[in-house]
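Quick notes on the structure that follows.
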Amino acid sequence: MGRHSHPSVGLDFGTTTALIARRRAADPVEILPIGNPRSWLPSLVGRRDGRLVVGENAENLLPEEILRSVKRAITFDQRTLPLGAGDDRIEVSREDVIAAILHEISTRAGARGLPLTGQRDLRVGCPATWRRDQRQLLTDLVVAQTGVDDVNLMEEPVAAGLAWIAGGDVRPEEINGRVLVFDMGGGTLDVAVLDVVGGRPPSVRVLTSTGIPEAGDALDDAIAADLTTELVACGLDLDRLRKPDNAHAEILRQARAVKRDLSVKDSAPIAFRRAAFGSQRVTPIRYTRERLEEAFAPQLERAATKVWDALRLARLTHVRGGSTSDIMRTPTDELARDVRYVVLAGGMSRIPVVRRRLREMLPDAEFFDGAGVPADEAVVAGLTDESGVDAVNLYRPSFDVTLHWGDDGALPLFEAYSPLFEMFQLTRMSEPNFTRVAGRRDGLPQQRQGELRVTTPAGDPVDVIRFDRSGGQAVLDRVPVPFGFHDVLFRMYCDGRIVLTDGAGHSQQLRVGPWPAIHGRNSKPEQVAHVPEPRVYHPFNRS
Amino acid sequence: MIDAGLGPRFEAALRDAGAPLTAAKLKRLLVEDGAAEAAVDRAWTAFRKLAAFHPHITRPSRVTYAWSPDPVTPSEALARLGKLLATTSRDRAAARDALVAIVHSGLSAAAAPSDEGRFQGTRLRQARLDGMLAVADLAGEVEEMAYNSGDPDLIVERLQTRVEALAVQQHGRCGEEVPFDPQRHTGVGSVPRQGGPVTVVRPGYTWRDESGETVVLQRVQVAEA
Ligand SMILES: Nc1ncnc2c1ncn2[C@@H]1O[C@H](COP(=O)(O)OP(=O)(O)OP(=O)(O)O)[C@@H](O)[C@H]1O
Ligand SMILES: [Mg+2]
């Protein structure tokens, strides 16, 4: 990448904080402060005098006039969000709310010397588990608010992993093995397992990227509930509160603060604001790290389970011998040995028990904090990565596979970014794969023929290689698929193989062109022999 | 921009030449191109006067004219504009407007810092702001705790926590008795001997920056016990 090429600009639209950064060629990443007075913009929207206000301008509104964590509206497919209380309550569209934040980011960035309009290389983070349409929604909003038409989305934990690789904690030539990225932010825990082979640039394959929509916000709520119990035990009468919302907001505010305090101290005093509780006197209480850990324990266990799931999925994506059921039965201490490096990202990874738990789980791994930048800047730093690494996601292929027929018949067989398989399906598969059966009930004709096309989410065709029985290959951009009385059966494996059985019952073996070569079991296309009946049906992303 | 008759053809010929030309050579080019000699001579008289104000024409020597792809600098544009306004000739509005535009762009560029300047300025300011924010946070914390609890122990404890969260490490506590360590302590009043008993009168502070380097902000102040 030449000295004069365009800088890359990263936008991390987080659940609680939004950041912007820029990187020019091999220079260190530069965070552009977009907050006021902090360097990040709180991802908040509120209503003042009937208009939406953003960030710090929303911070001091009444609690019911503030929308927090609006990114979750995409994660949870909520089209509208409630704002206000009583007669004043309205529903605002999530697009309007997110557009307001993005507009503010764009305006501030421009005023501070980094106009987003006209950027050639704008990259935006998204949670790993977002579907294609969720990614598209954010992309469209960013395009509309910045005027940049070529916006690239990158999964947040993958970005954090790239930030670590480029960060220089270990020389890129010497990194070899699996990297577990644990990014616990405000709204989501994102986990990714990367397979890195050292070099300049190193080769990086994403073996799995997964997560749960439960992170900092959830812990804040748990602590607030705990504090409320404690206050009641100390004599607070909830029924006598004149403004229960104010009291709850104060408790939540203290919960957020004490969570941070307990990342550095074993115990911390909380002196509640008197004004929030009306005439009732509230005495200061002491909250301990032990108690926080107790409140956090169930959530942390779910996070730990997610990590083990991720490590199993990673083994399955890149099968190195052993059957699915073997991998499902692999004890955790053996799975733990797969991980050579752990990269901690996200504000929540500063909590001591998070680290402690991960260290107990992965005793042989080397731990790294936040990729050479503060943990909450790891994602935005990675978004601007210029080291030339092309991290291919084997677990969530980034293309669509569609069956077309007639003038306008079309049936999606695989939607970009869907996981190839989920844990719960594995007990029924001998070799993990994505299976889709399509037939008359999906509107497929029973005669003539259609064609299978593979395209990028932007609609560009992707080449498909077809292997014939005599060992020859042909590169096609449309694969003819005869229809008939049988269902069409589409199967895709994590090494890029596709087995397609057409309506006449004939099978053909295909491979998606740009899939990286994987060495190991099942990596070579074999003669099409017996294709067993499908036992798993398309379970993904049904809305 | 100079729109009378052959004027644009002089401009074009000079631009295409790619090198300085004398007046004679320039006129010959137009004649060779099919213009009548007498008309060229007449047009040249008018063009020569305009050339002095043209934003793209320079005079590398007394006898030559040259075309510069970049317009003249804002200050040169201002000088030409002054001369242009001092003449009474008509038909020079186009040249005037072109020069005014250059002067304007020069003025606004000088007044508004470049994007890069603002970018770096914002970053520098943020670095200072972060320090100020920490101070404001601590000050507000003390006020609020004093009002809501009034317990000095609580206030001190809260301050210590917030200080630690800023990667600032406190060393020693007031009233604590320790052996004197000249590496870390500063004596208040008489200087104690190494290892001698001293009392901490004010804690010391160190800060670990992002690269992990430790900076001493304040040494521990001690007095002989
Ligand atoms: N020192 C700390 N100790 C404990 N928690 C912290 C600390 N610093 C930040 N947090 C918490 O981290 C969370 C914010 O982290 P981060 O900025 O990485 O999230 P985000 O990027 O906005 O969200 P997401 O990635 O989920 O969309 C908040 O819940 C915040 O309270
Ligand atoms: Mg984040």
Side-chain angles (χ1 to χ4, degrees), chain A residues 7 9 20-22 24 28 30-40 108-115 118-119 167-169 250 254 257-277 281-286 289 350 369-375 377, chain B residues 109 112-170 173 205-213:
Chain A
V9 175
I20 289 266
R22 174 185 81 175
R24 287 187 292 195
E30 296 172 299
I31 305 282
L32 173 71
I34 52 167
N36 196 6
R38 284 152 304 204
S39 65
W40 37 267
R108 291 191 189 187
R112 296 174 188 195
L114 190 66
Q119 291 298 332
D169 283 326
E250 167 64 3
Q254 296 284 5
V258 80
K259 176 178 76 171
R260 287 165 187 254
D261 287 348
L262 293 177
S263 288
V264 293
K265 290 279 192 209
D266 290 339
S267 98
I270 305 174
F272 292 93
R273 288 183 178 161
R274 291 193 216 160
F277 299 90
R281 190 107 177 83
V282 174
T283 49
I285 59 175
R286 179 161 290 281
R289 195 180 271 179
R350 296 206 178 97
D369 259 323
V373 292
E377 292 174 7
Chain B
S114 66
D115 276 346
E116 189 57 24
R118 272 183 294 153
F119 186 110
Q120 298 306 344
T122 307
R123 281 169 52 77
L124 272 177
R125 180 168 176 276
Q126 189 66 46
R128 288 166 52 205
L129 254 178
D130 286 343
M132 295 303 137
L133 274 168
V135 173
D137 179 50
L138 292 182
E141 204 65 63
V142 173
E143 287 274 339
E144 193 184 331
M145 296 280 286
Y147 177 76
N148 288 318
S149 89
D151 177 349
D153 286 345
L154 276 192
I155 300 174
V156 169
E157 185 180 354
R158 175 64 70 94
L159 279 191
Q160 285 175 348
T161 309
R162 291 297 152 93
V163 163
E164 207 172 317
L166 296 165
V168 173
Q169 194 75 40
Q170 176 176 333
R173 306 189 68 160
Y205 295 92
T206 52
W207 175 62
R208 243 162 58 101
D209 71 9
E210 282 78 34
S211 69
E213 195 186 323

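Each chain gets a letter, A, B and so on, in the order the sequences are listed, and its residues count up from 1.
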Any non-hydrogen side-chain atom of Arg118(B) less than 4.5 Å from a side-chain atom of Leu32(A)? no
Asp261(A) side chain reached by Arg158(B) side chain, heavy atoms, under 4.5 Å: yes
Any idea which of [options] has the most non-hydrogen atom pairs under 4.5 angstrom with chain B?
options	result
Pro269(A), Ser267(A), Gly110(A)	Pro269(A)
Lys265(A), Arg260(A), Arg350(A)	Lys265(A)
Ala109(A), Pro374(A), Pro115(A)	Pro115(A)

For Pro284(A), is it the side chain, the backbone, both, or neither that has a heavy atom closer than 4.5 Å to a heavy atom of chain B? side chain
Interchain contact, Ser263(A) with chain B, by part (heavy-atom threshold 4.5 Å): neither
What's the shortest heavy-atom distance between Tyr147(B) and Arg274(A), and which atoms? O-NH2, 2.6 Å
With sequence neighbours left out, what residues match Arg208(B) under side-chain hydrogen bond (donor to acceptor under 3.5 Å, both in side chains)? none
What option among Met145(B), Gln126(B), Arg162(B), Gln120(B) has the most heavy-atom pairs under 4.5 Å with chain A? Gln126(B)
Checking the side chain of Arg273(A) only, and the main-chain atoms of Asn148(B) only, is there a donor and an acceptor separated by less than 3.5 Å? no
Taking Arg38(A) for its side chain and Leu133(B) for its backbone only, find out whether a donor-acceptor pair lies under 3.5 Å. no
Could you tell me which portion of Leu154(B) (side chain, backbone, both or neither) has an atom closer than 4.5 angstrom to a non-hydrogen atom of chain A? both
Atom CD1 of Ile31(A) and atom OG1 of Thr122(B): how far apart are they, to the nearest 0.5 Å? 13.5 Å
Do Arg286(A) and Glu157(B) pass the side chain to side chain contact (heavy atoms under 4.5 Å, CB included) test, and can you show the C-alpha distance, the side-chain angles, and the key distance before you say yes or no? CA-CA 11 Å; Arg286(A) 179 161 290 281; Glu157(B) 185 180 354; 2.6 Å; yes
